[in-house]
Amino acid sequence: MAASYESRIRCLEGLNLQIGFWHDPEGVLNSEKIKSVIAIDGPAASGKSTIGRMLANHLVFLFLDTGCMYRAVTLAVLQRGIDIDDEAAVVDLTESVELDILPPWGKKDGRLYTVLLDGQDITWDIRTSEVDLNVSQISAYKGVRQNLVDRQRNLAKRGSVVVVGRDIGTVVLPEAPLKLYIIASTEERAYRRWIEQRNREKSLTYDQILADMIRRDRIDGNREHSPMRPAKDAVIIDTTGLSPEQILDQILTLDYFHALGESR
Ligand code: CDP
């Protein structure tokens, strides 16, 4: 099931996104390109980024993890000492920051992509518990969402893309022909995140991660603007107890992929 070396390279080349300035002269997501847009949503640490990246590699599609954009804005707010309750200031900052997502460029530290904030490499700085603690409040602001959703739609106009987040199937790309909503038991999600994070933040316990995840899911699911929920036509995939390879195999049996194969 592993993607070929060539397909990985093409996928990484496709990841060279100048989010701040990229503009599609065609202006709209046309009916041909929309056929190759896959939307993946789900709660924290449900495995959606792992699956999204594997699927993108397999199909030689671009992989766009929208969570890193909300995290980058949150880091910018924290670094600049802006009061996170000051919605207007947070929105102003969101509109002014330059965000780039680039291939890892040979960095062998486990990164899936490199995130730049105003030219600075912040790939790992956005994965701290401090960002986890603040990101959902900032993501709930309407102006923040409007700005980042515009950037996301602009990027997806190219087609051949797997876009991962919380509101992709419902708000960002409701036209996507395949929408997946990835879930897993709360305990398994917290365990996966603890494994991922324990080398970077040694003092963080499983219980702290579990509590933060439950809190974030509650805020993300109950906010006024674009709450996290499956689109009506989303396929729900429960990944509890399954390996990433098993999940990908299950997803690839969906009818969508037969139709996509025929149209390529
Ligand atoms: O990796 P994890 O699932 O923990 O989170 P993430 O995908 O990096 O997203 C971090 C936070 O960004 C979420 O808890 C949401 O508050 C926010 N987010 C959002 O509101 N909408 C998205 N499309 C993606 C992320």
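Source: prediction; values computed, not measured. As the structure lists them, so they are numbered: ligands from 1, and atoms in each ligand from 1. As a basis for the values below, the full set of heavy atoms in this structure was taken, side chains included, without hydrogen atoms, waters or symmetry mates.
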Checklist entry - Distance only, no hydrogens: is a donor on one side chain within 3.5 Å (strictly under) of an acceptor on the other, for Arg145 and Tyr70? => result yes
Checklist entry - Going by atom types only, do Thr240 and Asp238 share a side-chain donor-acceptor pair under 3.5 Å? => result yes
Item to check | Partner residues of Ile34 under the side chain to side chain contact (heavy atoms under 4.5 Å, CB included) criterion, sequence neighbours left out | outcome: Leu29, Val37, Glu175, Pro177
Next on the checklist: Checking a contact table here: which protein heavy atom is nearest atom 24 (C) of ligand 1, and how many Å away?
Outcome noted: Thr66 OG1, 3.4 Å
Checklist outcome for this item: At under 4.0 Å between heavy atoms, what of Arg71 touches ligand 1? The answer is side chain
Checklist entry - Looking at atom 10 (C) of ligand 1, what's its closest protein heavy atom, distance included? => result Arg216 NH1, 3.6 Å
Next on the checklist: Would Arg127 pass as a cation-pi partner of Trp124, given that its NZ or CZ must be under 6.0 Å from the six-membered ring centre and within 45 degrees of the axis?
Outcome noted: no
Checklist entry - Lys48 near ligand 1, heavy-atom distance under 4.0 Å? => result yes
Checklist outcome for this item: Ranked by distance from atom 16 (O) of ligand 1, the top protein heavy atom is Asp220 OD1, 2.7 Å
Checklist entry - Does some side-chain heavy atom of Asp85 sit less than 4.5 Å from a side-chain heavy atom of Gln137? => result yes
Checklist outcome for this item: The closest protein heavy-atom partner of atom 1 (O) of ligand 1 is Arg193 NH2, 3.0 Å
Checklist entry - Backbone, side chain, both or neither: what part of Arg189 comes under 4.0 angstrom of ligand 1, heavy atoms only? => result neither
Checklist entry - Can you find a non-hydrogen atom of Met69 under 4.0 Å from ligand 1? => result no
Next on the checklist: Quick test: of every protein heavy atom, which one is nearest to atom 17 (C) of ligand 1, and how far off is it to 0.1 Å?
Outcome noted: Ser139 OG, 3.3 Å
Item to check | Minimum-distance protein heavy atom relative to atom 21 (N) of ligand 1 | outcome: Arg145 NH2, 3.0 Å
Checklist outcome for this item: Short version for Met228: what comes under 4.0 Å of ligand 1, heavy atoms counted, is neither
Checklist outcome for this item: In terms of its nearest heavy atom to atom 23 (N) of ligand 1, the top option of Asp167, Thr74, Val149 is Asp167
Checklist outcome for this item: Here the atoms of ligand 1 under 4.0 Å from any heavy atom belonging to Ala44 are 3 (O), 4 (O)
Checklist entry - Applying a 4.0 Å heavy-atom criterion (strictly less than), which segment of Arg166 is in contact with ligand 1: side chain, backbone, both, or neither? => result both
Checklist entry - Are side-chain heavy atoms of Glu245 and Met54 found at a separation under 4.5 Å? => result yes
Checklist entry - With Glu32, which residues qualify under side chain to side chain contact (heavy atoms under 4.5 Å, CB included), at least two apart? => result Asn30, Lys35
Checklist entry - Between the main-chain N or O of Ser185 and the side-chain N or O of Glu188, is there a donor-acceptor pair closer than 3.5 Å? => result no
Checklist entry - So, Asp41 side chain and Ile168 main chain: donor-acceptor pair closer than 3.5 Å or not? => result yes
Checklist entry - Counting heavy atoms not belonging to Gln120, are there more than 12 under 6.0 Å from its CD? => result no
Checklist entry - For ligand 1, which atoms, with element, lie under 4.0 Å from some heavy atom of Ser136? => result 14 (O), 16 (O)
Item to check | Region of Ala45 that comes within reach of ligand 1 [heavy atoms, distance under 4.0 Å] | outcome: backbone
Item to check | Which segment of Met213 sits under 4.0 Å of ligand 1 when only heavy atoms are counted | outcome: neither
Checklist entry - Which atoms of ligand 1 have any heavy atom of Val135 under 4.0 Å away? => result 11 (C), 12 (O)
Checklist entry - Are Ile51 and Ile237 side-chain neighbours, meaning at least one heavy-atom pair lies under 4.5 Å? => result no
